[in-house]
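Structure record follows, encoded as structure tokens.
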2 protein chains.
Amino acid sequence: MRWDGHGQTGGVPPASPPNQVRGPRDGDDGRRHGDPVTPPVVAVSVDLVLLTLRGGRLCVLLIRRDPPFDVAWALPGGFVDGDEDLDTSASRQLWAETGVTTTGHLEQLRTYGGPHRDPRAPGVSVAYLALLPNLPQPAPGGDGPRARWWPVADLDSPDGPALAFDHPRIVADGVERARAKLEYTPLAAAFCEDQFTLADLRRVYEAAWDVALDPPNFRRKVLSTPGFVVPVGRRTSPRGGGRPAELYRRGSATALHPPLLRRSV
Amino acid sequence: MRWDGHGQTGGVPPASPPNQVRGPRDGDDGRRHGDPVTPPVVAVSVDLVLLTLRGGRLCVLLIRRDPPFDVAWALPGGFVDGDEDLDTSASRQLWAETGVTTTGHLEQLRTYGGPHRDPRAPGVSVAYLALLPNLPQPAPGGDGPRARWWPVADLDSPDGPALAFDHPRIVADGVERARAKLEYTPLAAAFCEDQFTLADLRRVYEAAWDVALDPPNFRRKVLSTPGFVVPVGRRTSPRGGGRPAELYRRGSATALHPPLLRRSV
DNA sequence: ACAAAAGTGTTTAGTTTACACCCATGT
DNA sequence: ACATGGGTGTAAACTAAACACTTTTGT
């Protein structure tokens, strides 16, 4: 059992030692970052898992790749610039893909790396998850015919899109993260416009979890959770019959107490 | 609004375009990884947030750094080798720090990057979180006098250790992740030995959340959650009075339904 | 008047909490 | 015998689920 605080300092069993050179002063001093060694360097990219609701279905934005590539679809993303933060790079690229700036939600999902994920381009990819309201319109066709929203339920089906690299796993991780976060955070509102009805919010849960929720009980649950939503004081102009619904905005809560639990196992 | 699927392909507002060269075939085809560009490359390191329970307190392993450095303590970690997976690198370095192989739990926490985290060594650091049982003994003193377990409650106090770089935030993120995961996963058992009593398990929650739990109710809750623990069929030899407790092992569940919720807001 | 969607009330079942009590062991 | 910690029982309080019913709109 070693306690020197250096995984790199020798004695490491499974991996072969990297090519590194130690300076005389920065020896075994418990410091790791900025050591005068020559570690392997790689490119860092960002992958975006952009989720939204379209037609009552949870959808992810994919980019079509042209014939020279055998796998047709990939997540949007790109390399991280040298002078930018990871979060900054993610929001920059989110802007580039969707034009979205303020609304919604963007968080780091997970980092994927290792020599096996893309043999031609070793490197790490930091995946980000964004939850967005249904965007204006210019999805398939128009300005960017390469981008398309795909229902996540179609990704496993044979006529669904084939995804490059480890992107199937990244999408799955992002969808699962989003589904889980709906339980204990108020992030469902990130799928909605700035002002929304409780029915809008309920449809987020119903689409993401593929369940039917009881509207009266859902309403009580949301309104009794402090900071989840705040009433705006206005009502919708009803569309095609039915009582106009009250409008709400996101509250200040960052977590739901108690959570809105999924019934599933 | 752009829909070309390339954050790098121009039109990106906040950041300056990187130096990149496009090949004739790999044009604007919706592909990002392995593009024939020359992106900035950086070193990738792993930081380990190793948590355990010692004397009823949640503790984190820190490495002492010698005088040339003004900040005295840092998380264990090191560079990722070129030919290894991120998870592999993390478990390799965990082994190097603690000798631990099978028990406990190791998961990716988050990636920290950007030019401002350590000016002397730009690069990204992938933090991993490990939950470990109380290790045999050789902590401070013995083989590795640089490593020391610090109660996480002492990190904010003035006589606590000063942490380098963004390590305070990484530790805080790891502790919060651990606390949250105790609610809805059976990971409390990762802090225990292979066989443990329900009182051992309860003390994990009490130490991590700094609460007192009612033993009868905790017992019922755990036993009624399918797959949380399985009885071994043996009992402890009691230490200093009291009825011997039944021994349990981790169950097969990966999530707790229903969760064990914290009472706090 | 009727359909449709929003919102309220109520009954019932289930879960959580608090705490009294019993059990098995060391001293 | 008694202290100590493990384990069981139970009644009250709380929470969630199901669904009948009222309100407000468009047609």
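Predicted, not measured: the structure shown is a model, and the values here were computed from it.
When rounded to the nearest whole Å, the span between CZ of A:R202 and P of C:dA6 equals 6 Å. Between A:L201 atom CG and C:dA6 atom C1' the separation is 15 Å, expressed in whole Å. In this structure, the CZ atom of A:R234 is 16 Å from the P atom of C:dA6, given to the nearest Å.
In this structure the side chain of A:K181 reaches within 4.5 angstrom of the side chain of A:E107, judged on heavy atoms. Contact annotation: the side chain of A:Q108 approaches that of B:R110 to within less than 4.5 Å [non-hydrogen atoms, C-beta and beyond]. Put simply, the side chain of B:L201 does not reach to within 4.5 Å of the side chain of B:F191, judged on heavy atoms.
Judged by distance alone, the side chain of B:T111 and the main-chain N or O of A:T111 form no donor-acceptor pair under 3.5 Å. Judged by distance alone, the side chain of B:T225 and the main-chain N or O of B:F228 form no donor-acceptor pair under 3.5 Å. No donor-acceptor pair under 3.5 Å is formed between the side chain of A:D166 and the backbone N or O of A:R169. Checked by atom type and distance alone, the side chain of B:D173 never pairs as donor or acceptor with a backbone atom of B:I170 at under 3.5 Å. A donor-acceptor contact shorter than 3.5 Å links the side chain of A:H167 to the backbone of A:L75.
Of the residues A:V222, A:V211, A:L182, the one that meets the side chain to side chain contact (heavy atoms under 4.5 Å, CB included) test with A:Y205 is A:L182.
Considering all non-hydrogen atoms of both residues, A:P226 and A:H257 come closest at CD-O, 3.9 Å.
Near DNA chain C, meaning a heavy atom under 4.0 Å from it, residues 215-229 of chain A has A:P216, A:R219, A:R220 in order of number. Near DNA chain C, defined here as any heavy-atom distance below 4.0 Å, the residues from residues 245-253 of chain A are A:A245, A:E246, listed numerically. Within residues 180-192 of chain A, no residue has any heavy atom closer than 4.0 Å to DNA chain C.
Ion pairing between a basic and an acidic side chain is recognised when a charged N comes within 4.0 Å of a carboxylate O; B:E206 and B:R262 show no such pairing.
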Dump the pairs, protein N or O against N or O of nucleotides 21-23 of chain C, anything under 3.5 Å, distances to one decimal.
from: C:dC23; atom 1: O4'; to: B:R243; atom 2: NH1; distance (Å): 3.4

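Counting heavy atoms of neighbouring residues, nucleotides and ligands inside a 6.0 Å radius, atom CG of B:D154 exceeds 12 of them. Around the CG atom of B:D210, the shell of radius 6.0 Å holds no more than 12 heavy atoms that belong to other residues, nucleotides or ligands.
Heavy-atom contacts of chain B under 4.0 Å fall on DNA chain D between two terminal nucleotides, which in 5' to 3' order are D:dT4 to D:dT10.
Between A:D47 and A:S125, the side chains place a donor N or O and an acceptor N or O closer than 3.5 Å (distance only, hydrogens not considered).
Comparing A:R235 and A:D214, the nucleotide of DNA chain D nearest to each residue sits closer to the 5' end for A:D214. Residues B:G242 and B:P258 each lie close to DNA chain C; by heavy-atom proximity, the contact nearer the 5' end of the strand is made by B:P258.
Considering only residues two or more places apart in sequence or on other chains, A:R219 meets the side-chain contact (heavy atoms from CB on, under 4.5 Å) condition with A:L198, A:L223, A:Y248.
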